[in-house]
Amino acid sequence: MVLMRFLLLALTVLPLTVQLQAGIWSDVVETFKGKNKSTAPTTRILITHDVERVNLEVKGKYSLFDPYTDSFISSRFIGKNRVVEALRDGLKWGESFPGLYQIKIRPDDTATRIIINNKEYKGSIYIYDIGGSISIVNQVPVEDYICQILSVYENNQIHPEALSALAIIARTNAYFQAVNPKNTYWAVDAQKVGYEGTAFVPAEVEDAVRLTRYMIMSRTGVYEGIATPFAAQINGQLFGAQAAKEIESAKISLEEANKMAENGSHAAQILAKAFPGTTIMLIEYAN
């Protein structure tokens with residue numbers, strides 16, 4: 001049944017083969033213009049903003065970089081648990097970093113864990129001294145981000161096909177954020193989207209994200225050779241899209257989408273009715 005559901009969805013998908021470099025906004029834009037990149041996209045999420053100090057613990061191997069110059073600072077082979085604070089001449093995290101007002105922490109092992117104020121995060125962490133206060137940004141793969149923000153639908157009696165449609169809507173917004181970030185530091189505010197870092201993800205949400213992997217809605221199609229994700233909302237929920245000049249609301253409610261699914265419609269059919277005139281595109285990556 002799962003395989004048949006995936007095939008039905010795939011039949012409606014027009015493929016666009018492009019590749020994406022993770023982590024750099026200009027590269028994301030280039031991807032949607034058809035230039036080849038190598039890995040799937042990431043998004044940057046603001047998790048702490050404008051505070052005096054933050055408790056940050058890393059368990060395992062990691063490396064430090066200066067994100068301003070993208071230069072390597074050092075590698076560490078044992079963890080650290082210290083307070084991060086902004087000094088007059090640079091950041092301090094247990095040790096001082098004179099002249100550095102931004103630091104990137106990149107895990108060097110899949111077992112490395114990063115804990116900030118008692119919450120665990122995957123991916124890389126960016127620490128910024130902005131005007132003498134600390135802001136922290138988490139950079140994670142878009143697919144992981146979608147799993148986390150859709151976790152609120154656990155036990156909400158949403159049909160798997162409706163949940164798959166939600167996953168595509170959420171991913172469309174995440175890609176839109178990538179080319180229209182709130183600023184040069186982050187694209188999404190964790191508090192506004194309910195992002196809690198590495199939280200429990202229900203199996204049904206994992207399935208919905210996995211079966212729609214790299215599928216987005218676009219206002220253009222394969223013949224134009226360019227993907228154009230947009231800020232799409234259903235039931236007034238944008239899944240974190242910000243600063244959208246034009247927000248496209250679904251023509252049906254989530255309840256109607258769920259009813260369609262219960263009556264046998266698959267995710268692509270639901271989205272065709274919710275957002276008529278758009279195309280579902282499968283963006284393929286080299287990895």
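We number each residue from 1, following the sequence as shown.
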message = With rounding to the nearest 0.5 angstrom, report the OG1 to CG distance, Thr198 to Asp144.
response = 8.0 Å
query = Do Arg219 and Glu248 sit within salt-bridge range, that is, some charged N less than 4.0 Å from a carboxylate O?
reply = yes
inquiry  = Do Ile280 and Ile216 make a side-chain contact, defined as non-hydrogen atoms from C-beta onward lying under 4.5 Å apart?
reply    = no
inquiry  = Testing the 3.5 Å rule here: is there a donor-acceptor pair between the side chains of Ser75 and Ser63?
reply    = yes
key: Modelled atom types, side-chain donor and acceptor of Thr279 and Ser218, under 3.5 Å   = no
note = One should read off an interatomic distance between Tyr153 OH and Ile158 CD1, to the nearest 0.5 angstrom, of 6.0 Å
remark   = When rounded to the nearest 0.5 Å, the distance separating CZ of Phe230 from OG1 of Thr228 is 8.0 Å
task = Measure across Gly123 and Ile114 and return the closest heavy-atom pair with its distance rounded to 0.1 Å.
result = O-CD1, 3.8 Å
From Glu85 atom CD to Asn55 atom CG, the distance as rounded to the nearest 0.5 Å = 11.5 Å
key: Full working for side-chain contact (heavy atoms from CB on, under 4.5 Å) between Val137 and Ile45   = CA-CA 5 Å; Val137 172; Ile45 309 152; 5.7 Å; no
key: NZ-CD distance between Lys251 and Glu256, expressed to the nearest 0.5 angstrom   = 12.5 Å
With a 3.5 Å cut-off and sequence neighbours excluded, list the donor-acceptor pairs that the side chains of residues 95-102 form with protein atoms.
from, atom 1, to, atom 2, distance (Å)
Glu95, OE2, Arg76, NH1, 2.6
Glu95, OE2, Arg76, NH2, 3.4
Glu95, OE2, Lys80, NZ, 2.9
Tyr101, OH, Arg88, O, 3.3
Gln102, NE2, Asp66, OD1, 3.1

query = Does a side-chain heavy-atom distance below 4.5 Å link Pro202 with Ser151?
reply = yes
query = Are Ile115 and Tyr121 connected in a single hydrophobic cluster, I mean Ile/Leu/Val/Met/Phe/Trp/Tyr linked by side-chain heavy atoms less than 4.5 Å apart?
reply = no
Evaluation steps, side-chain contact (heavy atoms from CB on, under 4.5 Å), between Ile149 and Val188 = CA-CA 11 Å; Ile149 63 173; Val188 187; over 6 Å; no
remark   = For residues 51-78, the ring pair (Phe, Tyr, Trp, His ring centres under 6.0 Å) pairs (sequence neighbours left out) are Tyr62-Trp93, Phe65-Phe72
inquiry  = Please determine whether side-chain contact (heavy atoms from CB on, under 4.5 Å) holds for the pair Leu56 and Ile105, giving the CA-CA distance in whole Å, both sets of side-chain angles, and the decisive distance to 0.1 Å.
reply    = CA-CA 11 Å; Leu56 191 156; Ile105 302 173; 3.9 Å; yes
message = For Lys122, I'd like to know if atom NZ has over 12 heavy atoms of other residues, nucleotides or ligands within 6.0 Å.
response = no
query = Should Ile125 and Val54 be regarded as members of a common hydrophobic cluster, given that ILVMFWY residues are connected when their side-chain heavy atoms come within less than 4.5 Å of each other, either directly or indirectly?
reply = yes
key: Partner residues of Tyr195 under the ring-ring contact (aromatic ring centres under 6.0 Å, His included) criterion, sequence neighbours left out   = none
inquiry  = Please determine whether the number of non-hydrogen atoms from other residues, nucleotides or ligands lying under 6.0 Å from atom CG of Asn118 exceeds 12.
reply    = no
ask   = For Ala261, does its backbone N or O pair with a side-chain atom of Ser265 as donor and acceptor, under 3.5 Å?
value = no
query = Looking only at heavy atoms, which two atoms of Thr48 and Leu46 are closest? And how far apart?
reply = O-CD1, 3.3 Å
key: Beyond-backbone contact of Ile134 with Arg53, side-chain heavy atoms, under 4.5 angstrom   = no
key: Backbone N/O of Leu254 and side chain of Asn235: donor-acceptor pair under 3.5 Å   = yes
request  = Would you confirm whether Asn258, through its side chain, and His159, through its main-chain N or O, come within 3.5 Å as a donor-acceptor pair?
outcome  = yes
ask   = For Glu262, which residues count as a salt bridge (charged side-chain N to carboxylate O under 4.0 Å, His left out) partner, sequence neighbours excluded?
value = none
key: Ring center gap for Tyr128 and Tyr185 short of 6.0 angstrom   = yes
request  = Please assess Ile270 against His266 for the test side-chain contact (heavy atoms from CB on, under 4.5 Å), listing each intermediate value before the final yes or no.
outcome  = CA-CA 6 Å; Ile270 293 170; His266 55 76; over 6 Å; no
request  = With sequence neighbours excluded, tell me which residues meet salt bridge (charged side-chain N to carboxylate O under 4.0 Å, His left out) with Asp108.
outcome  = Arg106
ask   = Are any side-chain N or O atoms of Thr278 and backbone N or O atoms of Met217, one a donor and one an acceptor, separated by less than 3.5 Å?
value = no
message = I'd like to know if the side chain of Gln148 and the backbone of Tyr145 have a donor-acceptor N/O pair within less than 3.5 Å.
response = no
task = Looking only at non-hydrogen atoms, find the nearest pair between Ile168 and Met215 and report the distance.
result = CG2-O, 3.8 Å
query = Can you name the closest pair of heavy atoms from Ile146 and Ala167 and give their distance?
reply = CG2-O, 4.2 Å
inquiry  = Using the rule that Ile, Leu, Val, Met, Phe, Trp and Tyr join whenever any side-chain heavy atoms are under 4.5 Å apart, tell me whether Ile47 and Val83 fall into a single cluster.
reply    = no
ask   = Is it true that atom CD of Gln191 has more than 12 heavy atoms of other residues, nucleotides or ligands lying nearer than 6.0 Å?
value = no
inquiry  = Just to verify, what does Glu52 make a salt bridge (charged side-chain N to carboxylate O under 4.0 Å, His left out) with, not counting sequence neighbours?
reply    = none
key: Cluster link Val51 to Ile103, ILVMFWY, side chain under 4.5 Å   = yes
task = Write down the atom of Ser133, the atom of Asp50, and the distance for their closest heavy-atom approach.
result = OG-OD1, 2.6 Å
ask   = NZ/Lys104 to CD1/Ile127 distance, rounded to the nearest 0.5 angstrom?
value = 12.5 Å
ask   = Phe275 and Ser249: which non-hydrogen atoms are nearest, and at how many Å?
value = CE2-C, 3.9 Å
inquiry  = Is there a continuous path of hydrophobic side-chain contacts, each under 4.5 Å between heavy atoms, that joins Ile169 to Met260?
reply    = no
query = If you measure from the Lys or Arg side-chain nitrogens to the Asp or Glu carboxylate oxygens, is any gap between Arg171 and Glu143 under 4.0 Å?
reply = yes
task = Give a yes or no answer on whether the side chain of Asn138 reaches the backbone of Ser124 with a donor-acceptor pair at less than 3.5 Å.
result = yes
